[in-house]
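Accompanying notes for the structure given below.
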Amino acid sequence: VLNYASVHPPVHLLRYTVVQDISAVVRALEQGVKKADVDPAVKAVVICGTNGTFSAGADIRGFSSIQAGDRPSLASVIDLIERSEKPVVAAIEGMALGGALEVALGCHYRVAHAQAWVGLPEVTLGLLPGAGGTQRLPRLIGVPAALDLITTGKHVLAAEALKLGIIDEIMEENTIDAAIHLANKVSGQPLNSRRLSLKQVQSLPNMDAILSEALVKVKKQARGCLSPEMCVQAVKASVQLPFTEGIRKERELFNLLLSSGQAKALQYVFFAQRAAQKWTTSSGASWKTASAQPIRKVAVIGLGTMGRGIVTSLVKAKMSVVALEQDQKQLEVGARAVTSLLEREASKMPWIGQRPDACDPALLQFTLDFSVLQDADLVIEAVFEDMALKKEIFHKLSAICKPGSFLCTNTSALDIDEIASATSRPHQVIGTHFFSPAHVMKLVEIIHGRHTSPITIATAMGLAKTIGKIGVVVGNCFGFVGNRMMAPYAEQAVFLLEEGCKPKEVDQALEGFGFNLGPFRMLDLAGLDVGWRSRKGQGLTGPKLAPGTPARLRGRRRYSPLPDLLCENGRYGQKTGRGWYQYEKPGARIANPDPWLHNFLIRYRDAHHIKARFIDEEEILERCLYTLINEGFQILDDGIASDPEDIDVIYIYGYGWPKHRGGPMFYASTIGLPRILAKLQKYSEAHPDIPRMQPSAFLKKLVFLGNPPLKEWMSHAGHQSSKL
Ligand SMILES: CCCCCCC/C=C/C(=O)SCCNC(=O)CCNC(=O)[C@H](O)C(C)(C)COP(=O)(O)OP(=O)(O)OC[C@H]1O[C@@H](n2cnc3c(N)ncnc32)[C@H](O)[C@@H]1OP(=O)(O)O
């Protein structure tokens with residue numbers, strides 16, 4: 001939106017908001033600036049936004065239509081603004097992000113409201129600031145600060161932007177009036193010193209080291225994502241090249257990113273994350289009609305690893321919390337752990353820690369007394385995965401809690417309906433599957449049971465948002481979405497060990513793909529005893545296993561007893577200092593290959609007459625990833641997830657799937673469903689005793705229908721989503 005308004009002659013006001021059609025905004029800005037330039041009555045120009053917002057930047061959907069090599073017309077207009085003979089002042093209210101901040105950097109002065117914030121988030125969309133931002137910002141604030149902003153995409157508040165030198169003045173109110181005042185004041189003064197393209201980047205004695213360290217750092221963190229590295233290269237160009245050549249380099253890098261496919265994936269994730277908030281269930285309940293109830297007081301039952309993280313997240317969000325344990329010793333240990341987590345969190349955010357209300361002790365109460373829970377608006381049970389124990393707790397809660405209280409269970413696999421059956425209010429029972437460490441991980445799977453009411457779902461989603469998490473609504477089945485898909489993935493990883501791989505080879509392949517942790521490092525971190533307990537519960541191993549069951553078969557399905565054997569040897573992973581790897585001591589984090597394990601694998605293969613073979617990276621990746629994706633198709637067909645975006649958000653924020661690959665279902669769409677199907681067919685023919693490798697009927701159907709785009713998949717699902 002752009003208005004050319006003559007409000008306070010001789011200053012002309014250009015109002016615009018870049019969130020819709022960038023080319024319309026660019027055209028209007030160009031006309032406005034040109035008109036002001038030739039109008040002798042105009043002495044200065046102020047650029048501002050509408051409705052209290054400067055601009056959130058370009059419409060991300062528009063990027064798909066940009067062709068590599070397009071002349072970035074926004075960049076030309078920014079040049080025009082900078083070249084103007086009349087002072088141009090940016091009046092920043094609300095936010096100035098991406099292209100909008102680049103426009104402001106082209107202005108000669110920048111005035112911001114105290115509550116405003118600015119940033120260059122392009123890197124998070126797989127791009128770099130492509131309209132001169134990588135060349136102007138280092139000239140304005142120096143290389144280290146510019147690198148920090150451009151490679152992370154972080155937003156900074158006006159006060160910090162002032163300190164960094166991004167803006168010139170902060171206003172508590174009337175930002176536009178202040179900008180007009182400044183424009184009048186500087187009218188007629190020379191402008192060259194305000195034109196960033198004419199400035200040199202401030203030289204630093206250790207510039208080479210700063211740039212190469214930045215490159216090493218982003219490469220290490222990016223796990224194959226290109227945009228942070230390209231951002232460093234662009235900033236390096238601002239140091240090493242004259243402005244116009246730097247701009248050329250910036251454009252070259254921008255075009256490279258635009259055609260990389262990663263930008264498409266990251267932009268897909270931006271919208272998928274937002275789409276996941278617009279939940280629906282297969283019974284037709286949806287975010288549109290259900291409203292969240294206000295939650296003032298939350299109770300958490302159990303102060304184990306999960307309970308501690310959950311309490312910490314709630315307190316950080318300034319919610320009133322009661323934490324319950326069953327005996328004094330566990331209560332004290334849990335309370336100490338929560339306090340230490342909160343202290344650590346406060347030290348990471350000193351600006352919050354200094355505030356007197358940062359962690360009001362009155363907000364957090366530790367208790368052994370169940371009756372204290374009676375006035376809680378919502379209870380999160382976070383004891384360990386034992387159905388009988390959970391049912392006992394829910395039965396008690398149902399009797400004690402006030403009628404309106406919502407009852408949540410933090411479970412990673414158990415049946416929500418069975419837990420709800422222990423209460424007199426199954427419509428207020430819901431699963432809230434947090435991920436460890438719960439004060440860090442963003443994801444919460446919100447699992448609705450057969451009787452869960454829409455208001456309960458909306459309230460759980462609202463709570464997730466309040467505490468800064470991403471809730472994704474899923475249906476009730478063993479393992480829900482995330483762990484159900486993880487099962488065939490982890491199973492393949494273990495089968496690969498049986499057939500000849502070492503844990504490190506499997507982990508390296510998947511970490512090379514971009515996962516934070518490969519499957520064996522992940523299992524060691526989570527604790528191998530967790531899965532062992534679950535398998536014993538299912539009768540797959542342990543006392544419930546029928547005598548005479550073959551070691552490597554359960555029914556007609558292939559089974560690997562390897563993880564059980566490790567646990568029987570006391571190897572539970574990091575916590576015991578031994579698992580799939582060895583660690584310096586219990587609790588240590590650095591995983592080292594363990595000769596004991598390698599010998600054990602050799603003996604195991606001998607005992608079961610398995611001839612070890614060399615397995616290449618391609619097979620490791622295909623078997624682990626395609627079986628996981630295959631389960632995803634089954635989940636969609638079953639209606640457990642309402643669309644592929646939900647699955648992708650779960651995998652990115654809960655399982656460390658590389659964001660620049662867009663999530664497993666998006667990745668499948670980029671590989672092409674016919675290829676995935678063909679590979680699954682090939683592997684399932686070679687391994688007929690692994691049912692999870694047999695292609696899902698839904699995948700086959702989509703291939704038969706000609707590999708439709710991801711957006712159309714659900715219109716072909718057996719279980720029609722109500723979103724459609
Ligand atoms: C060779 C060519 C060179 C061209 C150079 C071009 C230079 C320009 C580059 C850019 O400007 S890149 C874009 C930079 N901007 C961003 O990345 C901002 C992204 N948005 C946000 O961070 C947040 O949305 C927000 C603005 C901080 C608001 O957050 P809030 O939590 O309040 O709301 P949301 O739920 O996130 O968003 C509401 C609604 O708006 C949609 N939306 C937000 N930003 C954009 C956008 N930039 N493009 C398109 N759509 C956007 C968002 O999807 C939500 O939509 P619905 O889900 O409600 O439909």
Side-chain angles (χ1 to χ4, degrees), residues 16-26 29 49 51-79 92-106 115-137 149-150 152-157 227 230-231 234 247-260 263-264 266-279 287-288 442 461-462 464-466 468-471 643 645-646 649 659 723:
Y16 81 123
T17 309
V18 190
V19 277
Q20 295 296 320
D21 174 2
I22 191 165
S23 51
V25 174
V26 163
L29 260 180
N51 301 326
T53 299
F54 190 71
S55 164
D59 182 344
I60 296 165
R61 286 196 173 86
F63 285 134
S64 53
S65 58
I66 297 179
Q67 298 295 312
D70 272 4
R71 173 82 183 101
S73 53
L74 183 64
S76 325
V77 172
I78 293 170
D79 290 347
I92 302 172
E93 294 175 303
M95 64 193 99
L97 301 180
L101 181 57
E102 293 184 293
V103 168
L105 292 174
Q115 300 300 321
W117 38 282
V118 302
L120 292 171
E122 287 88 340
V123 68
T124 63
L125 301 168
L127 296 169
L128 51 75
T134 65
Q135 304 305 298
R136 284 194 175 86
L137 194 64
L149 285 180
I150 294 172
T152 61
K154 67 157 87 145
H155 301 156
V156 291
L157 274 166
S227 54
M230 298 297 134
C231 285
I247 288 285
R248 211 168 298 135
K249 184 74 185 171
E250 178 190 89
R251 194 160 311 143
E252 186 190 302
L253 296 168
F254 182 89
N255 288 339
L256 198 142
L257 288 172
L258 199 61
S259 57
S260 72
K264 225 174 165 186
L266 286 160
Q267 288 157 33
Y268 161 85
V269 174
F270 176 88
F271 291 112
Q273 190 182 323
R274 281 152 182 86
Q277 302 317 296
K278 299 180 177 173
W279 58 271
W287 66 284
K288 282 191 198 146
K442 283 262 173 211
M461 284 294 277
K465 191 170 180 191
T466 305
K469 309 264 183 224
I470 300 168
D643 55 40
E645 283 98 331
D646 287 358
V649 171
K659 208 173 181 181
K723 264 188 194 176

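For ligands, and for the atoms within them, numbers begin at 1 and follow the listed sequence.
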Under 3.5 Å between any N/O of A131 and any N/O of ligand 1: does that happen in this structure? no
*Output yes when the distance from some N or O of ligand 1 to some N or O of R61 is under 3.5 Å, and no in every other case.*
no
Ranking M95, E102, Q273, R274 by closest non-hydrogen atom to atom 23 (C) of ligand 1, top hit is R274
Near W117 (heavy-atom distance under 4.0 Å), the atoms of ligand 1 are 27 (C)
- Do I60 and ligand 1 have an N or O pair less than 3.5 Å apart? yes
Per-atom filter on ligand 1: closer than 4.0 angstrom to a heavy atom of P121 are 14 (C), 15 (N), 16 (C), 17 (O)
If we number the atoms of ligand 1 from 1 as shown, the ones under 4.0 Å from a heavy atom of F63 are 9 (C), 10 (C), 12 (S)
Exercise. Should we say atom NZ of K249 is surrounded by more than 12 heavy atoms from elsewhere, each under 6.0 Å from it?
Worked result: no
dist I60:CD1 -> T124:OG1 (nearest 0.5 Å) comes out at 7.5 Å
Exercise for review: Report yes or no: does K278 have a heavy atom closer than 4.0 Å to ligand 1?
Suggested key: yes
Do side-chain atoms of Q115 reach the backbone of E93 as a donor and acceptor pair under 3.5 angstrom? no
Short side-chain to backbone donor-acceptor contact, E102 and G133, under 3.5 Å: yes
(Q) Are F63 and Q267 packed together at the side-chain level, in the sense that at least one heavy-atom pair is separated by less than 4.5 angstrom? (A) yes
Going by the 4.0 angstrom heavy-atom rule, the piece of L127 near ligand 1 is neither
Main-chain N/O of G132 paired with E250 side-chain donor or acceptor, under 3.5 Å | yes
Min over G130, G99, G132 of heavy-atom distance to atom 5 (C) of ligand 1 lands on G130
Here the atoms of ligand 1 under 4.0 Å from any heavy atom belonging to A56 are 14 (C), 15 (N), 16 (C), 18 (C), 26 (C)
Checklist entry - Quick one: does A58 get an N or O within less than 3.5 Å of an N or O on ligand 1? => result yes
